[in-house]
Amino acid sequence: MAGLNDMQDLACRHVDGPLLILAGAGSGKTRVITHRVAYLMDEIGVNPYNILAITFTNKAAAEMRDRVNNIVGEGAERVWVSTFHSLCVRILRRFSDRLGYATNFNIYDSDDQKSAVKNILKELKIDPKKYPEKMFLAEISNAKERYISPDQYAKMNATDFVKTQTATVYSEYMKRLRKFNAFDFDDLIYKVVELFEHNPDVLELYQDRFRYIMVDEYQDTNHIQFLMVKQLASKYRNLCVVGDDDQSIYKFRGANITNILNFEKEYPDAKVVKLEQNYRSCGNILAAANAVIKHNEGRKDKALWTDQGDGEKLVFNQSEDEYMEADRVVNEIIRLTANGAQYKDIALLYRTNAQSRILGEKLVMRGIPHRVYGGQNFYERKEIKDIMAYLKVVNNSTDDTYLRRIINVPKRGIGDATVDKVAAFAAANDMTLMEAMQIIEQVPGLQRSVAKISSFVELIDGFRGIIEEQEPLSTLFDRILEDTGYEDELIAEHTDESMARLENIDELRNRVVQFETDYEEATLADFLEDIALVSETDKMSDDDNMVKLMTIHGSKGLEFPYVFLCGMEERIFPSAMAINSDDEDALEEERRLCYVGITRAMKKLYLSCARNRMLHGSRNCNDISRFIKEIPPLLFQNSGDITRHVKRMEERQFADTGYTGNRYGSSGQSGYGKGSYHGKSSQTGSGYSSSNPYSSYSKAKKEPISITPSTKPSFGKEFTVNRELVLDYGEGDRVRHMKFGNGTVTQLVKGGRDYEVTVDFDRGGTRKMFASFAKLKRLEE
DNA sequence: AGTCAGCGAGTTTTT
DNA sequence: CTCGCTGACT
């Protein structure tokens with residue numbers, strides 16, 4: 001086939017039976033999928049209506065749709081290209097009545113889930129302090145991903161107390177969603193699998209419809225998605241999955257890498273095609289990627305290659321702190337663009353969203369156009385959630401969650417006490433909150449609130465009228481802003497913050513109008529669905545000539561000529577969590593993430609890190625990331641620097657020298673042993689800024705320590721969790737507390753690794769506190 | 001009912 | 001450090 005290499009061609013021409021395409025980064029897998037669609041249609045004569053392509057993100061779906069349209073003429077639009085989630089929503093919109101759900105169901109986001117569980121905990125009188133709702137949600141999500149129903153879950157965990165409790169919460173949670181006619185993200189797939197299982201006619205309908213199925217990013221599928229694909233494909237077995245086990249980076253979300261690793265076990269007659277020729281990156285970048293990923297075990301053996309030459313070498317820089325790191329990055333961006341690079345050719349990638357702030361600030365300072373993706377999601381902002389809650393209530397008022405959110409926003413004098421009374425009445429009479437409010441005169445115990453509530457009900461009814469009149473969505477949107485007084489309130493406030501909120505609301509309005517123009521027939525439910533399923537990065541456009549900032553996760557599937565991987569430090573990347581994790585695979589997942597990051601780069605890759613960085617409110621020194629060490633020094637432009645860096649780093653690890661003040665360090669542990677790093681190292685009470693952070697040790701240990709004055713204090717692994725807490729004050733000593741002021745230590749009781757300190761404060765009051773948390777400073781008198 | 005201060009807790013990645 | 005919640009006060 002035109003424009004394809006032999007392996008790609010082979011993959012396209014395999015039509016009948018299961019097919020596994022192992023497609024390395026940048027190996028042209030989208031090209032293969034689109035050509036395969038064309039081949040099916042043009043050569044085999046498959047009806048495009050019978051082809052389903054599932055992608056992972058909406059962005060990928062849109063891109064694929066685009067490319068299919070370009071190479072296939074007639075009928076391309078009839079190919080079904082979508083994400084798992086939107087496919088499931090489609091199916092559920094049509095058949096949710098078979099599961100006892102109405103078709104105008106809501107889709108819960110994680111906030112909605114949280115408040116649902118919170119309410120349940122309240123009802124069940126479970127203390128959220130002891131058992132946080134996050135824990136239950138994680139466990140519930142886990143169960144759903146494995147297709148375990150509440151009943152099954154209860155049976156499986158009958159002996160474990162916490163788990164029986166979780167079973168109850170899970171069951172209550174599902175009852176609640178059922179009552180409110182809502183699905184959460186996991187449900188969308190879970191419920192489709194359930195639907196198929198119990199309704200063979202529906203399953204067969206879709207089996208016949210989707211005779212040819214392709215799944216992209218198969219390494220990111222979880223068990224329930226695996227089940228769904230299996231159901232759909234079981235009749236015709238024309239299943240083609242595409243993926244790269246080295247790019248599996250969503251384990252935390254339930255992605256199961258064994259789906260792709262065991263595909264051949266599940267489908268023994270599967271044909272396997274490996275795509276290893278890379279068309280994206282230059283040789284040096286590929287060599288770095290291969291070198292890093294080679295350190296993982298439990299992967300399918302493969303190595304990317306290119307015939308496009310070595311290209312430019314990599315650049316690595318360690319800066320003093322994160323501000324200097326950002327400066328360096330920005331300077332290089334200025335240099336690149338001065339030499340002809342476009343802003344949009346450049347991406348700044350990092351491990352955590354928090355890192356974007358400083359990079360963004362520096363870019364603003366130098367007037368470089370840029371855009372930060374991800375982070376505080378647009379739809380998570382308060383004002384957006386408020387307006388969306390109005391829209392959701394208008395769409396479907398069975399759900400108390402959204403109603404409670406807006407009933408007193410803006411303030412209209414309906415307080416919690418009143419709402420609780422109405423809610424109690426509703427519960428007693430088996431109604432929804434809205435239903436109870438519609439007959440508010442019958443609810444006992446309310447005085448003035450009656451009028452307020454009925455006027456609120458009228459307000460919502462008015463909005464609903466707009467929908468019934470088939471007025472455009474934007475009309476409803478504007479009426480909500482006006483009639484509720486939401487907009488006026490923000491205008492009146494006239495602070496920077498309220499103005500920003502107004503801008504956000506304006507942006508939301510733009511999206512409403514855009515949606516209206518894109519889909520003329522669209523309903524309110526369609527709009528809400530679009531919002532629920534489409535993320536920020538999906539909307540990324542190539543037109544804007546801007547530098548792009550995003551997490552490495554967010555960059556998957558994208559490519560940029562110039563890539564900066566920032567914050568290449570131990571405990572940042574790999575993350576502290578992965579380093580400390582019991583799970584052997586956690587570090588491998590980080591490494592895969594690193595592989596993904598490296599392979600985004602086409603022409604040139606910059607890696608950078610900071611010697612010390614503010615993290616969780618305190619400054620810490622971190623070693624250079626192990627991933628840097630895994631890249632052969634010769635691949636770097638400044639290989640001399642690298643070897644020097646790495647060498648110094650190793651010296652610090654293996655030698656117990658005065659350089660780091662590593663006296664109390666884990667000198668016995670070499671390398672990156674588990675448990676070497678443990679989060680907070682505030683035991684000493686002496687911060688980074690204190691003039692001599694070692695003074696406390698010398699005092700307590702009564703043993704001289706040689707500190708070379710010129711060396712910088714290095715905070716890092718020398719504070720291990722097993723380190724006994726050392727205090728520089730004792731009973732009778734004068735100390736200063738950040739909040740309580742000066743006082744005298746009256747008692748010091750040792751407990752475990754910590755001390756319980758009792759201090760008599762000058763300004764009155766005696767307090768007991770833990771030495772590791774109370775940042776007490778000794779006062780010299 | 002609403003506001004505000006003070007405290008505590010949690011900080012990876014997201015369809 | 002920053003957010004969110006609680007509880008006391010107006």
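Just so it is clear: chains get the letters A, B, ... in the order the sequence lines come, proteins before strands, and each one is counted from 1. Heavy atoms only: backbone and side chains are in, while hydrogens, waters and symmetry mates are out.
The base of B/dT13 lies outside donor-acceptor range of the side chain of A/R253, with no N or O pair under 3.5 Å.
Using a cutoff of 4.0 Å between basic side-chain nitrogens and carboxylate oxygens, A/R592 and A/D585 are scored as salt-bridged. A salt bridge links A/K144 and A/D184; the closest N-O separation between the charged side-chain nitrogens and carboxylate oxygens is under 4.0 Å.
At a threshold of 4.0 angstrom between heavy atoms, the contacts of A/T418 are confined to the sugar-phosphate backbone, with no base atom among them. Within 4.0 Å of A/F252, counting heavy atoms only, lies at least one base atom of the nucleic acid.
One can place NZ of A/K556 at 12 Å from P of B/dT14, the figure rounded to the nearest angstrom. Distance, A/L593 CG to B/dT12 C1': 10 Å, rounded to whole Å. Distance, A/L558 CG to B/dT14 P: 13 Å, rounded to whole Å. The distance from atom CG of A/D416 to atom P of B/dA1 is 8 Å, rounded to the nearest whole Å. Rounded to whole angstrom, the span from the OH atom of A/Y350 across to the C1' atom of B/dT12 amounts to 13 Å. Rounding to whole angstrom units, CD1 of residue A/I407 and P of B/dA1 are separated by 12 Å. Summarising the geometry, the separation between CG on A/D186 and P on B/dT15 is reported as 13 Å, rounded to the nearest angstrom. Taking atom CE on A/M550 and atom P on B/dT12, their separation rounds to 21 Å, with Å as the unit.
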Might you list the N or O atoms of the protein lying below 3.5 Å from N or O atoms in nucleotides 5-9 of chain C, with each pair's distance?
residue : atom : partner : partner atom : Å
C/dC5   : OP1  : A/K118  : NZ           : 3.2

Might you list the N or O atoms of the protein lying below 3.5 Å from N or O atoms in nucleotides 2-4 of chain B, with each pair's distance?
residue : atom : partner : partner atom : Å
B/dG2   : OP2  : A/N408  : ND2          : 3.0

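Regarding contacts with the backbone of B/dT15, every side-chain N or O of A/N222 stays at 4.0 angstrom or more from both OP1 and OP2. Using a 4.0 Å cut-off, no side-chain N or O of A/T352 falls inside it from OP1 or OP2 of B/dT11. At B/dT15, none of the side-chain N or O atoms of A/N58 fall inside 4.0 Å of OP1 or OP2 (strictly under the cut-off).
Position along DNA chain B of the nearest nucleotide to A/A578 versus A/Q225 favours A/A578 as the more 5'-ward residue. Taking the nucleotide of DNA chain B with the nearest heavy atom to each of A/K452 and A/H553, the more 5' of the two is matched to A/K452.
Cation-pi geometry between A/R405 and A/Y402 is not met at under 6.0 angstrom from the ring centre and within 45 degrees of the axis.
Annotation: A/F573 is in aromatic contact with A/F627 [ring centroid separation under 6.0 Å]. Note: A/F185 and A/Y108 fail the aromatic proximity criterion, with ring centroids not under 6.0 Å apart. Residues A/F56 and A/H85 place their aromatic rings such that the two centres sit no closer than 6.0 Å.
Put simply, CD1 on A/I91 and CG on A/L195 are 7.5 Å apart, with the number rounded to the nearest 0.5 Å.
Ring-plane geometry between A/Y250 and A/H553 is classed as tilted, the angle between the planes lying from 30 to 60 degrees on a 0 to 90 degree scale.
In this pair, A/F185 lays its aromatic ring flat on the base of B/dT15, centres within 5.5 Å and planes under 30 degrees apart.
Shown are A/R571, A/R611, A/E570, A/R613; of these, the side chain to side chain donor-acceptor pair (under 3.5 Å) with A/N622 is made only by A/R571.
Checked against B/dA1, B/dT15, B/dT13, the side chain of A/A417 finds its nearest nucleotide in B/dA1. For A/T57, whose side chain is taken as the heavy atoms from C-beta onward, the closest listed nucleotide among B/dA1, B/dT12, B/dT15 is B/dT15.
Partners of A/Y323 by side-chain contact (heavy atoms from CB on, under 4.5 Å), not counting sequence neighbours, listed by chain and number: A/D321, A/R357, A/I358, A/K362, A/R619.
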